[in-house]
Amino acid sequence: SARSSGRNERYTCDSNGGTTYLAGTSMATPAVSGTAALVRQYFVDGWYPSGTPKSSDSMIPSAALMKAVLMNGAQFMLGVSNQGSVSEVSPYDNSQNFGRINLLDSLYLEGENDMNVCVQDGESVDANNEVKSFTAVADTSSCSSNSISVTLVWTDPVGFTNCARCLLNDLDLVVTKNGRDFFPNGLSMKDDMNNNERVQMNVSN
């Protein structure tokens, strides 16, 4: 983080080395914001789907897509720094939620990673319990990992003041493999609380 000398100078962050180590949401926020800017540039410069920049593939990603990319490749941590000590954490808890963002596990870059990415942006469903299905074959023969991550994010209108369940549009992500349903966010049922839903699973399961 920028480090101020504490004196009334025009460029206070130029003093005392200029930076300092801090932790917490105040430090995570600018890191995530900068990463989100890179995600947007990835799509605007046409890196999807080839992993190389092609102007013919340029697209303007929605806010929901950018958020989904950040969450889809996030990695769970075993612990977080807590004032000099390490506190244990669990997937989707209040300390790490979806985990630590990692763009190398989020977006394909030719020569840098061996992942397969499929993006659907601007999709919609009607209000009559419509089901929209996508079928995918997970070919891990050329990949270093045999895991799959599926994320659904949508931009929901602002909820009502003091609401307990604030979703105005409740979409549900369910991933089905060999007749078995996998539910998002570490749950054993549909999530009716969040507009960010992710299923991570091992393909061999």
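Here the side chain of S58 pairs no donor or acceptor atom with the backbone of G46 at under 3.5 angstrom. Distance alone, capped at 3.5 Å, places no donor-acceptor pair between the N72 side chain and the V69 backbone. N102 contributes a side-chain N or O that, together with a main-chain N or O of L104, makes up a donor-acceptor pair within less than 3.5 Å. Between the side chain of D57 and the main chain of P49, no donor-acceptor pair closer than 3.5 Å is present.
Note that CD1 of I101 and CE of M71 are 10.5 Å apart. Values are rounded to the nearest 0.5 Å. We find the CG-CG distance between N113 and L103 to be 10.0 Å, quoted to the nearest 0.5 Å. Atom CD1 of residue I148 and atom CD of residue Q200 lie 10.5 Å apart, to the nearest 0.5 angstrom.
Remark: F160 CZ is loosely packed, at most 12 non-hydrogen atoms of other residues, nucleotides or ligands lying under 6.0 Å away. Atom CD of Q75 sits in a crowded spot, with more than 12 heavy atoms from other residues, nucleotides or ligands closer than 6.0 Å. More than 12 non-hydrogen atoms from other residues, nucleotides or ligands lie less than 6.0 angstrom from CG of D126.
Aromatic ring orientation, Y48 versus F43: tilted (interplanar angle from 30° to 60°).
Side-chain contact between V150 and R198 is absent, with no heavy-atom pair separated by less than 4.5 Å. Using a 4.5 Å cut-off on side-chain heavy atoms (C-beta onward), T151 and S149 make contact. Looking at L70 and K67, their side chains never come closer than 4.5 Å, going by heavy atoms from C-beta outward. A 4.5 Å side-chain heavy-atom check between R40 and I60 finds at least one atom pair inside the cut-off. Residues Y42 and L109 are in side-chain contact: their nearest non-hydrogen atoms beyond the backbone lie under 4.5 Å apart. The shortest distance between side-chain heavy atoms of N195 and L167 falls below 4.5 Å. Using a 4.5 Å cut-off on side-chain heavy atoms (C-beta onward), K190 and V174 make contact.
Nearest approach of P91 to Q96, heavy atoms of both residues: N-NE2, 3.6 Å.
In this model, a donor atom of one side chain and an acceptor atom of the other lie less than 3.5 Å apart for D191 and N185. Side-chain contact of N202 with S147: a donor-acceptor pair under 3.5 Å is absent, judged by distance alone. A donor and an acceptor atom, one from each side chain of D181 and T176, are located under 3.5 Å apart.
Here the two rings, on F98 and F76, have centers that are 6.0 Å apart or farther.
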*Between S62 and D121, does a side-chain hydrogen bond (donor to acceptor under 3.5 Å, both in side chains) hold up when you go through it step by step?*
CA-CA 7 Å; S62 67; D121 196 18; 2.6 Å; yes

